[in-house]
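Here's the structure we're looking at; comments come further down.
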Amino acid sequence: MAWMKVRDALGAQPGGAITLKGWVRTRRDSKADGGLSFIQIHDGTCFDPIQVVARGALSNYESEVARLTTGCAIEVDGELVASQGKGQSVEVQANEIRVIGWVDDPDTYPVPQKRHTMEYLREQAHLRVRTNTFGAVARVRHTLAAAVHRFFDEREFYYVHTPIITASDAEGAGQMFRVSTLDLANLPRTPEGGIDFDQDFFAKPSYLTVSGQLNVETYCQALSRVYTFGPTFRAENSNTSRHLAEFWMIEPEIAFADLADDAALAEEMLKYLFDDLLTRRADDMAFFDLRIEPGIVDRLRHIIDSPFRVLPYTEAVDILTRSGKKWEFPVKWGTDLQSEHERYLTEEHFKQPVTVINYPASIKAFYMRLNDDGTDGAPGPTVAAMDTLVPGIGEIIGGSQREERLDVLDSRIKAMGLEPEQYWWYRDLRRYGTVPHAGFGLGFERLIQFATGMKNIRDVIPFPRAPRQAEF
RNA sequence: UCCCCGAUAGCUCAAUUGGUAGAGCGAGCGGCUGUUAACCGCUAGGUUGCUGGUUCGAGUCCAGCUCGGGGAGCCA
């Protein structure tokens with residue numbers, strides 16, 4: 001008999017013998033027709049389970065079938081038939097049910113068929129994917145990841161595997177995790193008393209990457225359109241619903257391009273991803289719309305159908321100043337936008353995602369290109385940066401046109417108190433055939449949060465890493 | 001890291017001014033039913049997060065710690 005996945009069985013015409021393999025979601029018994037049980041089976045291939053009808057005449061009905069509980073693994077041979085009951089169009093009349101794996105103590109099974117809080121399920125990370133919500137998140141996460149690669153492949157971007165371990169210790173994106181093989185209990189010392197990193201694996205201090213950007217820029221300067229999509233690490237002691245110590249980031253980089261090209265790419269990509277998601281995972285998205293975030297499907301459609309709002313930083317400051325709102329942090333040209341300001345712009349003023357561009361240079365990274373808006377067209381005081389802000393989460397994308405002029409780049413590095421020599425290979429890109437180029441970073445987990453309405457970022461990655469959190 | 005709130009049955013929560021723990025869900029058993037958020041009855045299940053303190057007596061008050069939630073900073 002042909003083994004069919006639940007998804008295929010639910011979409012098939014009645015008639016014919018099939019085999020199902022999966023896990024029991026629920027079992028309901030009836031004494032009608034000499035006794036029978038309705039068993040919902042799930043195998044992860046779609047949101048809905050399939051109903052198996054087990055007759056009392058089955059040889060192991062009393063001994064096994066009638067004792068099945070949520071979580072048991074079984075195989076079913078039977079006939080796919082039109083359902084006599086309401087709620088499903090097809091079901092499987094079982095001829096044989098084989099129990100593959102029992103649940104040894106149903107009373108303490110951590111994820112029985114009942115409502116659970118997200119906080120509780122987070123403590124059962126190895127079992128939570130068996131629930132409706134986390135199964136749906138897992139499928140959505142996969143679908144979005146696959147769509148990212150397809151989007152870039154269709155546009156002739158090359159996927160570059162940038163390193164996870166880096167020795168650049170000043171990428172300016174927060175605290176880094178140190179990578180070392182030195183014996184912590186017996187550190188080698190230099191004559192001056194410092195730690196002798198010459199004896200470490202890489203003969204210098206090394207860390208987990210906080211961004212693949214600097215590396216991917218090198219490939220951009222030869223392959224024109226590239227991206228990296230991998231894990232990144234921040235050792236910040238931040239405890240919020242939108243930060244992780246280990247998260248995945250999508251970072252495209254395009255040559256012969258300016259900030260407008262960069263913003264256009266970001267908009268095209270987000271629209272592509274949401275459209276693909278609504279098409280391929282309509283079942284899971286219907287669930288999120290019903291149970292997690294009512295209206296999420298319409299909101300995504302609206303984003304797909306309407307042009308993005310682009311807002312220069314200076315205008316954003318104007319809007320915030322004239323809003324009449326009382327701010328905890330005062331709004332002033334030259335300071336970064338705070339959470340309360342971002343929320344106002346996306347949730348109250350525009351009620352949609354907003355891309356803020358042309359930030360003051362003083363609050364942005366050294367590699368961002370100075371705009372020529374200074375006195376007499378001199379570089380400064382703003383940089384060609386952009387942040388895409390979304391309701392409920394805040395920043396989801398951060399990007400910029402990169403500084404391609406070596407002299408300007410050097411002065412920016414020095415102004416930030418950094419050593420140009422440390423960036424020698426990055427500076428070489430500006431010495432050998434430099435071109436205008438731009439790119440951005442999209443936080444993958446925040447994208448999933450936004451697309452599903454899941455409130456906590458720890459619930460959209462299988463095994464979240466956060467301060468004091470690495471159990472699984 | 002800072003501010004606020006919380007931790008009691010497998011899960012979600014109750015427990016008057018301090019007086020030795022209850023319900024719903026889940027689970028087990030029985031009843032009813034082509035069932036599907038099923039329904040009805042019975043049963044089991046608790047060193048009240050940890051350590052210490054106040055008190056005749058602490059789930060309840062105090063201190064520290066651990067964990068969780070909301071917000072902030074940092075950022076993606």
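These numbers were taken from a predicted model, which means no experiment stands behind them. Note on naming: letters A, B, ... go to the chains in the order of the sequence lines (proteins, then strands), and numbering restarts at 1 for each one.
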Quick one: is [N] close enough that its OP1 or OP2 comes under 4.0 Å of any side-chain N or O from [X]?
X      : N     : result
A:Q338 : B:G73 : yes
A:R234 : B:C74 : no
A:S339 : B:G73 : yes

Under-4.0 Å salt bridge between A:E348 and A:K325: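 Yes, this pair counts.
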
A:E246/A:R234 ion pair, N-O < 4.0 Å: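 No, this pair does not count.
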
Distances for protein N or O near nucleotides 42-51 of chain B N or O, under 3.5 Å:
none

For atom [atom1], what is the distance between [N] and [M], given to the nearest Å?
N     : M     : atom1 : result
B:G28 : B:G73 : P     : 48 Å
B:G10 : B:G46 : P     : 7 Å
B:U54 : B:C2  : P     : 29 Å
B:A27 : B:U51 : P     : 33 Å
B:A9  : B:C50 : P     : 11 Å
B:C3  : B:C40 : P     : 49 Å
B:G45 : B:G31 : P     : 24 Å
B:C29 : B:U66 : C1'   : 40 Å

In this structure, how many angstroms lie between the [atom2] atom of [N] and the [atom1] atom of [X], rounded?
X      : N     : atom1 : atom2 : value
A:E236 : B:G73 : CD    : C1'   : 10 Å
A:F329 : B:A72 : CZ    : P     : 9 Å
A:L337 : B:C74 : CG    : P     : 11 Å
A:I363 : B:C74 : CD1   : P     : 10 Å
A:E342 : B:G71 : CD    : C1'   : 15 Å
A:R343 : B:C75 : CZ    : C1'   : 15 Å
A:D387 : B:C74 : CG    : C1'   : 13 Å
A:E471 : B:U66 : CD    : P     : 17 Å

side-chain hydrogen bond (donor to acceptor under 3.5 Å, both in side chains) pairs, two or more places apart, involving residues 463-472 of chain A: none

Contact class for [X] (heavy atom, under 4.0 Å): base, sugar-phosphate, or nothing?
X      : result
A:R242 : base
A:L442 : nothing
A:D105 : nothing

Residue pairs, two or more places apart or on separate chains, that pass salt bridge (Lys or Arg N to Asp or Glu O under 4.0 Å) and touch residues 96-110 of chain A: A:E75-A:R98, A:D77-A:R98, A:E96-A:R98

Check against side-chain contact (heavy atoms from CB on, under 4.5 Å), A:I292 and A:T452: CA-CA 8 Å; A:I292 303 293; A:T452 59; 5.7 Å; no

Closest-nucleotide ordering on RNA chain B, the 5'-leading residue of A:E328 and A:P467: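 Final value for this comparison: A:P467.
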
For the student: nearest non-hydrogen atoms of A:K455 and A:Q449, plus distance: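 Minimum heavy-atom contact is O-NE2, 3.2 Å.
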
No-hydrogen, no-angle side-chain donor-acceptor test under 3.5 Å, A:T314 and A:W333: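 There is such a pair (donor and acceptor under 3.5 Å, judged by atom type) between the side chains of A:T314 and A:W333.
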
Whether A:F366 and A:Y426 hold their rings parallel, tilted or perpendicular, with breakpoints at 30° and 60°: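 Taking A:Y426 first and then A:F366, their aromatic rings stand perpendicular (interplane angle over 60°).
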
Please list, chain by chain and in numerical order, all residues satisfying ring-ring contact (aromatic ring centres under 6.0 Å, His included) with [X], sequence neighbours excluded.
X      : value
A:Y219 : none
A:H341 : A:W327
A:H149 : A:Y159, A:Y227, A:F229
A:F247 : none

Trace of the side-chain contact (heavy atoms from CB on, under 4.5 Å) decision for A:L370 with A:E403: CA-CA 7 Å; A:L370 282 177; A:E403 184 56 75; 3.9 Å; yes

B:U20, syn or anti by chi within 90 degrees of zero: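 B:U20: anti glycosidic orientation.
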
Runs of at least three Watson-Crick or G-U pairs with RNA chain B, cut-off 3.5 Å: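 Stems (3+ consecutive pairs) listed as B:1-7 with B:66-72, B:10-13 with B:22-25, B:27-31 with B:39-43, B:49-53 with B:61-65.
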
Under 4.0 Å protein heavy-atom contact, by nucleotide of nucleotides 28-35 of chain B - B base, S sugar-phosphate only: S----BBB

Detail all sub-3.5 Å separations between protein N/O atoms and N/O atoms belonging to nucleotides 11-13 of chain B.
| unit_1 | atom_1 | unit_2 | atom_2 | d |
| --- | --- | --- | --- | --- |
| B:C11 | O2' | A:K114 | NZ | 3.4 |
| B:C11 | O2 | A:K114 | NZ | 3.2 |
| B:U12 | OP1 | A:T117 | OG1 | 3.4 |

Table please: side-chain donor-acceptor pairs of residues 264-271 of chain A below 3.5 Å, with sequence neighbours left out.
| unit_1 | atom_1 | unit_2 | atom_2 | d |
| --- | --- | --- | --- | --- |
| A:E267 | OE2 | A:K271 | NZ | 2.8 |
| A:E267 | OE2 | A:F308 | N | 3.2 |
| A:E268 | OE2 | A:R155 | NE | 2.9 |
| A:E268 | OE2 | A:R155 | NH2 | 3.2 |
| A:K271 | NZ | A:S306 | O | 3.0 |

Quiz: residues 53-60 of chain A side-chain donor-acceptor pairs under 3.5 angstrom, not counting sequence neighbours:
| unit_1 | atom_1 | unit_2 | atom_2 | d |
| --- | --- | --- | --- | --- |
| A:R55 | NH1 | A:D33 | OD2 | 3.4 |
| A:N60 | ND2 | A:E64 | OE1 | 2.9 |
| A:N60 | ND2 | A:I97 | O | 2.9 |

Residue pair A:K364, A:D387: steps toward the salt bridge (charged side-chain N to carboxylate O under 4.0 Å, His left out) verdict: CA-CA 11 Å; A:K364 288 294 182 180; A:D387 284 357; 3.1 Å; yes

